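Nothing here was measured: the structure is a model prediction, and the numbers come from that model.
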Amino acid sequence: MKSVNSFIKALSENYYSEFLTDAIAEEIDFHRYFLPVNYQSHYYYELRINEIHLKRREIINNVKKLYQNALSQIYIELSSQDPENFDAFLIFNIEAVKLQLKIIKADFYVDSKQSRYYSIVDDNPETQYLQTIYQEKTNDNEFELDDKIYELINNSDFKKVESLYYPFALYYRSKTLSFLPFSLFHIGYKFVLELIKIQRIVNDLKEEKAVNPKINWIGKKTHIGYILGTLALNGFIDAPKNKNGEINYTAYAKLIKQNFNAEISEESLRKYLNPEDDKFEENKKSFDKAKYHLPNIIEVS
């Protein structure tokens, strides 16, 4: 099912990249991008907190929409197909979503290397200053800083001495980022619960089918409508009625489909049941030619 696949794909995406722009891009909108980070060994600028909120909301709303579409498609398919065909589909997709939930759960902790959102904030002013001097001076050939010394300083604990950002700001950033995988996890978990609920419905339908097996109709699909229609018209079957006392052929067709295995849609069956429909008249000619006659129940009582 296309909608289900689209939902699971959207659920499994790594959305952190949507909060970044390449640090060496020709044009960077610093009104939107602010924080320099090292992500997967490459430098980027990360969106400001308010921009992350907006992007986050857009992503969550899109995933929720795909969630609703996926569930709707499953229920529509279930209403028109044999429940026996759903077992493998439900088991496969429950396991597929559970696998994604394990990955998303690791994303909660954005300061952990196990998270796909993990990045290193480039926040030490001394290190940044040294790097700027190193690049400028070596480019101008004014002097060269020994590479070993530069590497020692850049990779040491020295860069942890001072930070450009208050601890609360860094904490708030982590919470802001982790809210997205946290939300996606709950959407995915709710989807699993819905699939389990549908599994129960399927099992109930299968049990009902086993207890109340359908009658196999081996005649033509056009025959079942005409014969059962005339049985109702002549009083042998108490078919569903409208408020005015006339036969409700839509409800009658549905009832027949529930009790007979016949390769005909409810809509087509309704037409073959109704004596006012052209389909019924076409059948009547064939049965009249074969001298088919069904008396009214009163005549044989």
Side-chain angles (χ1 to χ4, degrees), residues 1-21 29 31-35 37 39-40 44-81 83 85-112 114-119 169-205:
M1 296 181 187
K2 189 175 180 181
S3 295
V4 178
N5 292 337
S6 296
F7 167 69
I8 296 176
K9 182 179 178 182
L11 190 69
S12 64
E13 289 287 343
N14 174 12
Y15 289 102
Y16 181 60
S17 59
E18 296 197 23
F19 302 145
L20 305 174
T21 188
D29 183 357
H31 292 291
R32 298 184 64 227
Y33 293 92
F34 169 71
L35 189 68
V37 296
Y39 179 61
Q40 296 182 350
Y44 298 91
Y45 281 100
E46 186 180 277
L47 284 171
R48 293 176 182 271
I49 295 297
N50 62 319
E51 292 288 343
I52 291 177
H53 285 176
L54 294 174
K55 191 67 178 176
R56 190 179 69 185
R57 186 182 308 159
E58 177 188 323
I59 292 168
I60 292 172
N61 287 340
N62 179 59
V63 174
K64 282 183 177 179
K65 183 179 179 181
L66 293 172
Y67 164 88
Q68 294 293 344
N69 290 342
L71 276 185
S72 296
Q73 186 182 39
I74 292 173
Y75 277 107
I76 290 171
E77 292 292 331
L78 182 58
S79 67
S80 61
Q81 290 190 24
N85 300 331
F86 271 76
D87 278 340
F89 169 82
L90 291 170
I91 292 170
F92 174 82
N93 283 286
I94 287 172
E95 293 305 314
V97 176
K98 281 184 177 179
L99 180 62
Q100 296 307 323
L101 292 181
K102 289 181 181 179
I103 298 171
I104 295 170
K105 191 173 183 180
D107 290 338
F108 291 179
Y109 312 99
V110 297
D111 295 323
S112 167
Q114 303 303 316
S115 172
R116 292 177 296 174
Y117 291 62
Y118 175 75
S119 63
L170 296 175
Y171 172 79
Y172 187 56
R173 167 188 174 264
S174 295
K175 287 296 181 182
T176 301
L177 290 174
S178 65
F179 183 84
L180 178 56
F182 184 76
S183 299
L184 295 175
F185 180 90
H186 280 274
I187 295 171
Y189 183 68
K190 188 176 179 182
F191 189 73
V192 169
L193 293 180
E194 286 293 332
L195 291 187
I196 293 173
K197 177 182 174 182
I198 293 171
Q199 259 188 333
R200 295 194 190 103
I201 294 173
V202 168
N203 288 334
D204 289 344
L205 291 173

For Tyr117 and Asn14, which heavy atoms make the closest approach, and how far apart are they? CE1-OD1, 4.1 Å
Is there a donor-acceptor pair closer than 3.5 Å between any side-chain N or O of Arg116 and the backbone N or O of Tyr16? no
A side-chain contact here means heavy atoms from C-beta on lying under 4.5 Å apart; do Tyr75 and Glu194 qualify? yes
Find out whether Glu13 and Leu184 are in side-chain contact, i.e. whether some heavy atom of one side chain is under 4.5 Å from a heavy atom of the other. no
Is any side-chain heavy atom of Glu58 closer than 4.5 Å to a side-chain heavy atom of Leu54? no
Pairwise distance CD1(Ile74) to CZ(Phe89) - rounded to 0.5 angstrom: 4.5 Å
Spatial distance of atom CZ (Arg57) from atom CD1 (Ile52) [nearest 0.5 Å]: 13.5 Å
A side-chain contact here means heavy atoms from C-beta on lying under 4.5 Å apart; do Gln199 and Leu195 qualify? no
Value for CD1 (Ile198) from CZ (Arg200), rounded to nearest 0.5 Å, stands at 11.0 Å
Side-chain donor-acceptor pair under 3.5 Å between Glu51 and Tyr33, yes or no? no
Which atom names give the shortest non-hydrogen contact between Val97 and Phe191, and what distance separates them? CG2-CD2, 3.9 Å
Heavy-atom pair with the smallest gap, counting every atom of Leu66 and Ser6: CD1-O, 3.9 Å
For Ala96 and Ile8, which heavy atoms make the closest approach, and how far apart are they? CB-CD1, 4.4 Å
Do Tyr15 side-chain atoms and Ala10 backbone N/O form a donor-acceptor pair below 3.5 Å? yes
Please examine the side chains of Ile103 and Gln100, heavy atoms only from C-beta on, and report whether any two atoms are closer than 4.5 Å. yes
Which is it for Leu180 and Glu18 under the side-chain contact (heavy atoms from CB on, under 4.5 Å) test, yes or no, and what are the steps along the way? CA-CA 12 Å; Leu180 178 56; Glu18 296 197 23; over 6 Å; no
Would the number of heavy atoms belonging to other residues, nucleotides or ligands and lying under 6.0 Å from OH of Tyr39 be above 12? yes
Just by distance, do the side chain of Ser115 and the backbone of Asp111 share a donor-acceptor pair under 3.5 Å? no
Can you measure from CG (Leu35) to CG (Leu47) and round to the nearest 0.5 angstrom? 10.5 Å
For residues Gly188 and Leu11, report the shortest heavy-atom separation together with the two atoms involved. CA-CD2, 3.8 Å
Could you check whether any side-chain heavy atom of Phe7 comes within less than 4.5 Å of a side-chain heavy atom of Ile187, counting everything from C-beta outward? yes
So which atom in Phe19 and which in Arg56 form the shortest heavy-atom distance, rounded to 0.1 Å? CE2-N, 4.4 Å
Could you measure the distance from the OH atom of Tyr45 to the OG1 atom of Thr21? Nearest 0.5 Å is fine. 10.0 Å
Taking atom types as modelled, find out whether Tyr44 and Ser119 have a side-chain donor-acceptor pair closer than 3.5 angstrom. no
Can you find a pair of side-chain heavy atoms, one from Leu177 and one from Glu46, that are under 4.5 Å apart? yes
About how many Å separate CZ of Phe108 and CZ of Phe179, when rounded to the nearest 0.5 Å? 11.0 Å
